[in-house]
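Lettering of chains follows the sequences in order, A, B, ..., and the numbering in each one begins at 1. All figures in this text were calculated on a predicted structure; none of them were measured in a lab.
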Protein chains: 2
Amino acid sequence: MSDPSLLGSLFRLAHSLKRQTHQQIEQMDLAIAPMHVRVMKIIDGSAPCTANDVVQFLNRDKAQVTRLLKTLIEQDLLQREPNPNDKRSQLLTVTESGAALMQRMAVVDATTYQTMTKGLSADELDAFHRIADQMAQNLAER
Amino acid sequence: MSDPSLLGSLFRLAHSLKRQTHQQIEQMDLAIAPMHVRVMKIIDGSAPCTANDVVQFLNRDKAQVTRLLKTLIEQDLLQREPNPNDKRSQLLTVTESGAALMQRMAVVDATTYQTMTKGLSADELDAFHRIADQMAQNLAER
DNA sequence: GCGAAATGGTTGATAATGTCAACCATGTTT
DNA sequence: AAACATGGTTGACATTATCAACCATTTCGC
């Protein structure tokens with residue numbers, strides 16, 4: 001199994017999408033990167049949320065997540081408050097300006113999604129999503 | 001559209017696979033990275049091949065590809081010879097030790113592929129591949 | 001209840017990936 | 001023949017990513 005292959009296609013698609021997001025962020029004149037946006041989306045979509053939750057979700061080193069969160073907090077896109085259940089931890093939420101950015105990104109994302117999925121049915125997209133999740137789960141179960 | 005979403009699943013899958021490859025390379029005690037392997041597979045799978053061909057295929061900056069190739073040549077996994085049709089360019093091929101590595105990676109890849117695709121039919125995998133290519137093409141057409 | 005072990009998060013260091021700009025030699029176009 | 005474009009290289013820098021060590025806190029075992 002080699003390029004061009006299923007994996008090759010997957011990596012090329014992921015790379016294209018990452019560049020798209022990067023260009024969108026540049027056009028918005030934001031001092032963040034695609035991974036920052038990704039983290040905000042995770043936090044925006046679930047409450048309560050801790051750094052460790054993001055670590056688990058992204059399957060990334062906690063050092064990386066800590067740094068991503070730090071930048072977002074510095075730019076007033078995220079905020080943290082003490083976790084009443086664990087003094088070591090803080091609860092993360094999106095600020096008002098962060099929520100505004102999430103809304104702007106949602107509009108852009110919808111456009112990108114429409115472009116990307118042209119000529120593909122809802123069934124095909126569902127299958128793609130399901131198969132991707134199945135594959136990731138298979139790999140995680142090793 | 002947000003995490004967890006189709007894109008979220010895609011990025012998580014890509015990340016899992018990259019880590020897999022990284023661990024495999026570490027276990028083989030090789031001084032290269034997943035992108036090096038990816039480049040070798042591209043070159044191994046098509047002849048003749050130039051740096052520019054790899055640039056086009058991967059959709060990456062030529063600076064990055066030049067550096068990846070340099071490392072592989074330094075480690076005698078790839079070799080270059082003058083392109084008879086263009087003095088600016090060189091033709092790239094996999095060396096004997098590079099070919100041996102490609103064979104070892106093929107075995108490992110087959111195992112990973114089997115793990116990853118467990119519970120999925122050939123039709124589903126074909127659909128996944130086709131949809132991924134369609135999406136990448138849609139994005140490239142902007 | 002106390003000590004050991006584990007956990008949540010931070011920081012330093014380093015690796016991998018990635019792009020931009022400037023440059024040189026060569027090829028193509030006008 | 002000059003201008004423009006291209007293939008490849010290098011410097012600089014950005015983004016993504018992990019490992020190790022550390023501190024404060026929580027959990028576990030006795």
Side-chain angles (χ1 to χ4, degrees), chain A residues 11-12 14-26 29-40 43 48-75 78 80-92, chain B residues 11-12 14-26 29-40 43 48-75 78 80-92:
Chain A
F11 287 131
R12 277 201 293 283
H15 178 248
S16 291
L17 284 162
K18 191 165 287 183
R19 282 191 62 106
Q20 283 273 324
T21 305
H22 190 265
Q23 280 156 13
Q24 286 153 5
I25 290 169
E26 269 197 332
D29 228 6
L30 295 163
I32 57 176
M35 282 305 288
H36 289 112
V37 175
R38 207 169 154 200
V39 165
M40 285 182 71
I43 294 167
C49 188
T50 67
N52 189 47
D53 291 332
V54 179
V55 165
Q56 299 306 319
F57 191 91
L58 286 174
N59 191 26
R60 295 294 200 280
D61 192 84
K62 51 193 179 180
Q64 179 186 10
V65 172
T66 290
R67 293 188 166 99
L68 291 167
L69 293 174
K70 188 181 181 191
T71 299
L72 291 169
I73 290 167
E74 280 169 355
Q75 297 190 27
L78 280 191
R80 48 167 45 126
E81 57 199 43
N83 184 348
N85 299 327
D86 190 337
K87 283 207 185 81
R88 296 170 294 181
S89 167
Q90 298 91 32
L91 298 185
L92 303 159
Chain B
F11 286 131
R12 276 202 292 283
H15 178 248
S16 291
L17 284 162
K18 190 166 286 185
R19 282 193 63 108
Q20 282 274 324
T21 305
H22 190 264
Q23 280 156 13
Q24 286 154 5
I25 290 169
E26 268 197 331
D29 229 5
L30 295 163
I32 57 177
M35 281 306 287
H36 289 111
V37 175
R38 207 169 155 198
V39 166
M40 284 182 71
I43 293 167
C49 188
T50 66
N52 189 45
D53 292 332
V54 179
V55 165
Q56 299 306 320
F57 191 92
L58 286 174
N59 190 26
R60 295 294 199 283
D61 192 84
K62 52 193 180 180
Q64 179 185 10
V65 171
T66 290
R67 291 188 168 101
L68 290 167
L69 294 174
K70 188 182 182 195
T71 299
L72 291 168
I73 290 168
E74 281 170 352
Q75 297 190 28
L78 281 190
R80 46 163 50 122
E81 57 198 44
N83 184 349
N85 300 327
D86 190 337
K87 285 206 185 81
R88 296 171 295 181
S89 168
Q90 298 91 31
L91 298 184
L92 303 159

**Prompt:** Within the pair B/T66 and D/dG8, is there a side-chain N or O less than 4.0 Å away from OP1 or OP2?
**Reply:** no
**Asked** Looking only at heavy atoms, which two atoms of A/D53 and A/P48 are closest? And how far apart?
**Response** OD2-O, 3.9 Å
**Request:** Round to the nearest Å and state the distance from A/F57 atom CZ to C/dG8 atom P.
**Result:** 18 Å
**Fill in**
Of all heavy-atom pairs linking B/L92 and B/A51, the shortest is CD1-N, 3.6 Å
**Request:** Mind checking B/S89 for me? I need base, sugar-phosphate or nothing, with any heavy atom below 4.0 Å counting as a touch.
**Result:** sugar-phosphate
**Prompt:** For B/I25 and C/dA15, what is the distance between atoms CD1 and P respectively, to the nearest whole Å?
**Reply:** 15 Å
**side-chain contact (heavy atoms from CB on, under 4.5 Å) involving A/Q75 - partner list, sequence neighbours excluded** = A/A31, A/I32, A/T71, A/L77
**Prompt:** What string of B, S and - do you get for nucleotides 12-19 of chain D, 5' to 3', if B is base contact, S is sugar-phosphate-only contact and - is no contact with any protein heavy atom under 4.0 Å?
**Reply:** B--SSSBB
I'd like a table of atom pairs between the protein and nucleotides 25-27 of chain C - only N or O on both sides, under 3.5 Å - with the distance next to each one.
| unit_1 | atom_1 | unit_2 | atom_2 | d |
| --- | --- | --- | --- | --- |
| C/dT26 | O2 | B/R88 | NH1 | 3.3 |
| C/dG27 | OP1 | B/K87 | N | 3.2 |

**Message:** Looking at every heavy atom in both B/I25 and B/P34, which two are closest together, and how far apart are they?
**Reply:** CD1-N, 3.5 Å
**Item:** Euclidean distance, atom CG of residue A/L69 to atom P of C/dG9 [Å, nearest integer]
**Value:** 9 Å
**Message:** Return the CZ to CG distance between B/R80 and B/L72, rounded to the nearest 0.5 Å.
**Reply:** 10.5 Å
**Asked** Rounded to whole angstrom units, what separation is found between the CD atom of A/Q90 and the C1' atom of C/dT7?
**Response** 14 Å
**Request:** Round to the nearest Å and state the distance from B/K62 atom NZ to C/dC23 atom P.
**Result:** 14 Å
**Prompt:** Where is the tightest heavy-atom contact between B/I43 and B/C49, given as atom of each residue plus distance?
**Reply:** CG1-SG, 3.9 Å
**Prompt:** Do B/L58 and B/V39 have side chains that get closer than 4.5 Å, going by heavy atoms?
**Reply:** yes
**Message:** Distance check needed: D/dG7 C1' versus B/K70 NZ, whole Å only.
**Reply:** 17 Å
**Request:** Taking all non-hydrogen atoms of both residues into account, name the closest pair between A/K18 and B/F11 and its distance.
**Result:** N-CZ, 4.3 Å
**Asked** To the nearest 0.5 Å, how far apart are NE2 in A/H36 and NZ in A/K70?
**Response** 11.0 Å
